[in-house]
Amino acid sequence: MPESSGNAGPRRQTHPIGDTIGQTVGVELESLVERAQAQIREVESLEELADIERSFLGKKGELTQQKKTLGSLDADARGAAGHALNDAVSTLTAVVGARRAVLAAASEAQQLEAERLDLTEVLSEVERGHLHLVTQARDRLEDVFVGMGFTVAEGPEVESAWYNFEALNIPEWHPARGSFDTIFVDLGEPEEVMLRSHTSPVQIRTMENNEPPIYIVAPGRTFRTDTADATHLPAFNQIEGLVIDRGIGLGDLAGTIDSFVKAFFGHEVKTRLRPSYFPFTEPSAEFDISTPSGDWLELGGCGVVHPAVLRNCGIDPEIWQGFAFGFGIDRLAVMRYQLDDIRELVNNDVRFLSQF
Ligand code: PHE
C-alpha cells in the first residue's frame, strides 16, 4: 500500500522511530494491533478471548516476542520501539478488557436465564373433594324415601330414658335394655341421660308432635358401647322409618321395604322378613336382602307399631295403626360396596374414600 511503503511520516509522529528497524517494527506493530483488534471483535466466548489474549500478550505471544527483538536495536531506536510496543500492549489490553466485560455480561445473563426458577403456579384442574360414602348413602336413601312420599325427620343425639326406652315400651326392668349396650351420660339420675342407642326415639318425638297420618324417615347418628371391629362401630348411623295411618298392616311394611331395597340396590335384589322380637313392634321381624351368591344378609329390624307405643304418644290404636323399621346406614354402605371392614368408613384414608 502506498501509505505504508511511501510515506512513513504520520507514523513517525506517533511512534518516532528513528531507523529502518524501528520503521519495520512500527509497520508490523500497526498491522499486528489491527489483526488482534479484528479477532477480538469477532470472538464470541470468554475461552476464545483468553486464547487470543495469550497469542498476542502471553509469554510466547506475538507482542512479547517482539519485545525480545528490542535488544538488537541501538539505544535510540530501542527507546522508541519500546514505547510503541508498550502502547500496543496497553491498547490491546484495554480492547481485550472491554470485550471481556461484554462477553462476561452476556454469559452471566445466559446463566441467569438458564437457572431461572419458574414459580408460576398453573392450576390446570381444581381437584374438589366429595361427600363421604356414608353421606352419599344417606342422601340416596332420603331421595328414595322422599320419592315414596316420606318426609325427613330429626331428633337429638343425647336422649332421655323416656325417649330411648320407656315410651318405646322398654321399661326399666325390661331385659331388652341390656341388649342396647347404651352409653350413658353423667347427668341427672343414673342411667337417665344417654347417647341414643337407636333412631327409634325419633318415632316418639314425631308422634308426640304430629297428628297422623305420619310418613317419616329419620336418619342420624347412634351410639353403643361396642368396640370397633370389622363389623361394628361404636358411633354409627341408622335410618328409622315410621308410617301411621288407617288400616296399615304387615303387608304395607313388606311392600315398602321391598320397594326401597329395589330402588337402592337394584331390581334383581329380593327381600324377606324373619320373625324376631322388639318391645316396640308386634309382630316384629328382621328383614334380609338377597345377595348374588344366593345368601341372605340381615339389614335391619321392623314390625307393626305396638299399641302401647301409640298410647304413650296419645294416639288411639283403635283408629290408627302403623309400621316402623330401622337399619344401619354404614352397614348398608358396606354391603353395597362390598367392603371388607366397616372401619374403612372412619379411617379417613383419602385413597380409600376417593374411590367412591
Ligand atoms: N331400633 C331397632 C334397633 O336398633 C330397629 C327397629 C326399628 C326395629 C324400628 C323395629 C322397628 O335394633
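All ligand and atom numbering here is 1-based and tracks the order in the structure.
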Colleague: What is the nearest protein non-hydrogen atom to atom 5 (C) of ligand 1, stated with its residue, atom name and distance?
Modeller: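 Atom 5 (C) of ligand 1 sits closest to the protein heavy atom Gly326 O, 4.0 Å.
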
Colleague: CG of Asp245 to CG of Asp252: how many Å apart, nearest 0.5 Å?
Modeller: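 It comes to 9.0 Å.
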
Colleague: Of the protein's non-hydrogen atoms, which lies at the shortest distance from atom 12 (O) of ligand 1, and what is that distance?
Modeller: Phe278 CE2, 3.8 Å

Colleague: Indicate yes or no: does an N/O atom of His198 lie under 3.5 Å from an N/O atom of ligand 1?
Modeller: yes

Colleague: Report yes if Ser197 has an N/O atom closer than 3.5 Å to an N/O atom of ligand 1; otherwise report no.
Modeller: no

Colleague: Once the angle between the rings of Phe150 and Tyr215 is folded into 0 to 90°, is it parallel (under 30°), tilted (30 to 60°) or perpendicular (over 60°)?
Modeller: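 Rings of Phe150 and Tyr215: perpendicular, over 60°.
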
Colleague: Would you say Thr281 has any N or O atom under 3.5 Å from an N or O of ligand 1, going by distance alone?
Modeller: no

Colleague: Between Glu48 and Arg99, does any side-chain N to carboxylate O distance fall below 4.0 Å?
Modeller: no

Colleague: Does either side chain, that of Glu208 or that of Tyr163, offer a donor lying less than 3.5 Å from an acceptor on the other one?
Modeller: yes

Colleague: Can you pull out the closest protein heavy atom to atom 8 (C) of ligand 1? Residue, atom name and distance to 0.1 Å, please.
Modeller: Gly301 C, 3.4 Å

Colleague: Give the atoms of ligand 1, by number and element, whose distance to some non-hydrogen atom of Cys302 is under 4.0 Å.
Modeller: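 Close to Cys302: 8 (C), 10 (C), 11 (C).
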
Colleague: So does Arg140 pair up with Asp143, basic N to acidic O under 4.0 Å?
Modeller: no

Colleague: Can you see which heavy atom on Glu166 is nearest to which on Pro171, and at what distance?
Modeller: CG-CA, 4.2 Å

Colleague: List every atom of ligand 1 that sits less than 4.0 Å from any heavy atom of Ser200, numbering the atoms from 1 in the order shown and giving each element.
Modeller: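 Answer for ligand 1: 1 (N), 7 (C).
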
Colleague: Touching ligand 1 at all, Phe327? Heavy atoms, strictly under 4.0 Å?
Modeller: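 Judged by the 4.0 Å heavy-atom criterion, Phe327 does not count as contacting ligand 1.
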
Colleague: I'd like to know if Gly300 contacts ligand 1, where contact means a heavy-atom distance under 4.0 Å to any ligand atom.
Modeller: no

Colleague: Centre-to-centre under 6.0 Å for Phe327 and Phe264, is that the case here?
Modeller: no

Colleague: What do the steps show when you test His198 against Phe278 for ring pair (Phe, Tyr, Trp, His ring centres under 6.0 Å), and what is the final call?
Modeller: CA-CA 12 Å; His198 51 176; Phe278 298 100; 8.9 Å; no

Colleague: What do you reckon, does Gln203 have a nitrogen or oxygen under 3.5 Å from a nitrogen or oxygen of ligand 1?
Modeller: no

Colleague: Does ligand 1 have an atom under 4.0 Å from some heavy atom of Glu286?
Modeller: no

Colleague: Identify the closest protein heavy atom to atom 2 (C) of ligand 1: which residue and atom is it, and at what distance?
Modeller: Phe280 CZ, 3.9 Å

Colleague: So, do Val152 and Pro219 sit near enough that their side-chain heavy atoms are less than 4.5 Å apart?
Modeller: yes

